[in-house]
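Here's the structure we're looking at; comments come further down.
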Amino acid sequence: MPSVKSYAAQSAETPLAPYTIVRRDPKPHDVQIQILYCGVCHSDLHTARGEWGGTVYPCVPGHEIVGKVTAVGSHVKKFKVGDLAGVGCLVDSCRECDNCKDGLEQYCSNGMVGTYNGQEKDGSGNTYGGYSKSIVTHEDFVLRISDKLPLEAVAPLLCAGITTYSPLRHWKVGKGTRVAVLGLGGLGHMGVKLAAAMGAEVTMLSHSPSKEKDAKRLGAHNFVLTSDAAQTKAVTGYFDFILDTVSADHDYNFYLGLLRTNGTMVCVGAPPSPATIPAFNIIFGRKSFAGSLIGGIPETQEMLDFCAEHNIVSDVEVIAIRDINEAYERMLKGDVRYRFVIDMATL
Ligand code: NAP
Ligand code: ZN
Ligand code: ZN
């Protein structure tokens, strides 16, 4: 089985550093992919630093993977050597439960297998993600990638794209919907682009005044600085739908107040601490407070095709892998415009 270069965290306290992993040889349904680019998601940081608990070390993060197929198993039908291919946040699921049959593998009743920090179903151990030279994945969890768009800017679609696309579709956002996207980072900037492409009226809610110009360039119709009381008062009771992408602890109740009657606030951001929401804050106005996890494989392919059709990609800053720890620090400060993507040629 081939040894593969990667970057791993050895504990919650240690920075990421070079590490050699072993990938399996392709089984009959496997696709082996040389990774060209891997996006840097805030979930990588939460996991590498053990912020959610449950991290198995060494941890090789990365679930926004694009690359080229270098080998396929004997039964693979969807891919051939030389094809572009993508791997997102999950690499396996039971395929038998109702959710899997509905293409909602991320909600597999028997537990989906994450691209990193997951447990392989064959008992072979922990999964390692895209901060590595190559990956071997069952063809059912490999996505087709258009050759029309810049590859480095497509990589973030595999998590930031689908995580925002899926709730926008599920709650039927479109023309006439007043949408707010809370937090302008990797997920947030994709949320703005996608909601605008779906025809919604989009407002950016941000705590960073410096991002107003960018928000409008990305497709937001309005910008509200969340630290400015006069600006937030003007949108109290205004939105049909709020997509909350904030990575740090914040007051959900404040934002529930910006929903109109029957409005829905969906959490995709996953801050480490639990929150308290008084029932009255959703009883009055018949409001919904919901969550959404990435997206299933069919919907991820649908999103990639939608992006190719509408010419939507991520705004990226390409980095060398040796700069990953600095990139994490900058991400924590909100200093990323709007997704770091690692050029794997630097590994
Ligand atoms: P990111 O690029 O770091 O963006 C997070 C944004 O949140 C920041 O740009 C900032 O926007 C805002 N923010 C950060 N700290 C804040 C604070 N103290 N107060 C208020 N706002 C703050 O992160 P990301 O990669 O988009 O990920 C966002 C979150 O989604 C993470 O928790 C990640 O784990 C989670 N996630 C969930 C799923 C899912 O399936 N549900 C999938 C992927 C990621 P402004 O400067 O505009 O305020
Ligand atoms: Zn992610
Ligand atoms: Zn299942």
Side-chain angles (χ1 to χ4, degrees), residues 38-49 51-52 61-65 88-90 92-117 121 129-130 155-167 181-192 204-212 214-215 218 220 223-227 243-251 254-255 266-273 290-297 300 314-317 327-340:
C38 183
V40 179
C41 177
H42 208 113
S43 302
D44 301 352
L45 187 159
H46 288 307
T47 307
R49 297 189 176 179
E51 293 177 355
W52 291 330
H63 57 203
E64 294 183 337
I65 297 166
C89 304
L90 66 169
D92 207 358
S93 70
C94 83
R95 299 137 209 238
E96 284 167 2
C97 71
D98 289 348
N99 285 335
C100 282
K101 283 183 183 153
D102 286 345
L104 297 169
E105 300 90 349
Q106 76 274 36
Y107 304 120
C108 174
S109 313
N110 297 303
M112 61 100 162
V113 180
T115 302
Y116 60 82
N117 204 43
K121 287 200 177 290
L157 302 181
L158 274 308
C159 175
I162 184 58
T163 302
T164 49
Y165 182 91
S166 185
V181 177
L182 175 57
L184 186 46
L187 266 56
H189 92 292
M190 290 313 306
V192 168
M204 185 69 232
L205 303 174
S206 171
H207 82 313
S208 306
S210 61
K211 294 181 184 173
E212 175 165 4
D214 279 348
L218 294 165
F223 181 91
V224 169
L225 185 62
T226 51
S227 55
L243 185 64
D244 180 347
T245 75
V246 173
S247 52
D249 296 335
H250 58 292
D251 182 10
F254 176 75
Y255 299 101
V266 175
C267 268
V268 287
S273 312
S292 184
L293 176 68
I294 49 173
I297 297 300
T300 304
S314 176
D315 286 27
V316 300
E317 179 177 337
Y328 276 13
E329 292 311 312
R330 285 182 56 196
M331 184 158 65
L332 276 176
K333 285 190 258 165
D335 176 22
V336 43
R337 302 286 185 275
Y338 280 91
R339 196 57 139 188
F340 291 118

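These numbers come from a predicted model, not from an experiment. Atoms within a ligand are numbered from 1 in the order they appear, just like the ligands themselves.
- The closest side-chain heavy-atom distance from T300 to Y165 is not below 4.5 Å.
- Within the 4.5 Å cutoff, the side chain of M190 has heavy atoms near those of the L157 side chain.
- Between K211 and ligand 1 there is a heavy-atom distance shorter than 4.0 Å.
- Considering only residues two or more places apart in sequence or on other chains, F340 meets the ring-ring contact (aromatic ring centres under 6.0 Å, His included) condition with none of them.
- A heavy-atom distance below 4.5 Å is found between the side chains of S247 and H46.
- Considering both main-chain and side-chain atoms, C267 never comes within under 3.5 Å of ligand 1 through any nitrogen or oxygen pair.
- With a 4.0 Å heavy-atom cut-off, ligand 1 is reached by the side chain of H46 but not by its N, CA, C or O.
- Looking only at atom types and distance, the side chain of D249 has a donor-acceptor partner in the side chain of S273 under 3.5 Å away.
- Counting heavy atoms from C-beta outward, K211 and R337 have side chains that approach closer than 4.5 Å.
- Of the N or O atoms in G186, one or more lie within a sub-3.5 Å distance of an N or O in ligand 1.
- Regarding atom 39 (C) of ligand 1, its nearest protein heavy-atom neighbour is T163 CG2, 3.4 Å.
- Proximity annotation for atom 41 (N) of ligand 1: of S292, S43, A215, G334, S292 comes nearest, heavy atoms only.
- The residue from K333, R339, M331 that puts a heavy atom closest to atom 25 (O) of ligand 1 is R339.
- For atom 7 (O) of ligand 1, the nearest protein heavy atom (residue, atom name, distance) is V246 CA, 3.6 Å.
- Looking at S43 and H63, their side chains come closer than 4.5 Å, going by heavy atoms from C-beta outward.
- Residue nearest to atom 46 (O) of ligand 1, selected from G295, S208, G88, P271: S208 (by heavy-atom distance).
- Distances shorter than 2.8 Å separate the Zn ion (ligand 3) from the protein N/O/S atoms C94 SG, C97 SG, C100 SG, C108 SG.
- With hydrogens left out, the protein atom closest to atom 26 (O) of ligand 1 is L187 N, 2.8 Å, a heavy atom.
- Contact annotation for T245 and ligand 1: only backbone heavy atoms (N, CA, C, O) come within less than 4.0 Å of the ligand.
- Residue, atom and distance of the protein heavy atom nearest to atom 15 (N) of ligand 1 are A248 CB, 3.7 Å.
- With a 4.5 Å cut-off on side-chain heavy atoms, L332 and H42 count as touching.
- Only protein N, O or S atoms were considered, and those under 2.8 Å from the Zn ion (ligand 2) are C41 SG, H63 NE2, C159 SG.
- The heavy atom nearest to atom 14 (C) of ligand 1, out of those in G185, S247, S227, is found in S247.
- The side chain of C159, and not its backbone, has at least one atom closer than 4.0 Å to an atom of ligand 1 (non-hydrogen atoms only; side chain from C-beta on).
- By the ring-ring contact (aromatic ring centres under 6.0 Å, His included) test, Y338 is found to be paired with H189, residues two or more places apart in sequence or in another chain being considered.
- Side-chain atoms of H207 and T226, non-hydrogen and from C-beta on, do get closer than 4.5 Å to each other.
- Looking at W52 next to ligand 1, no N or O pair under 3.5 Å apart turns up.
- Looking at I65 and C38, their side chains come closer than 4.5 Å, going by heavy atoms from C-beta outward.
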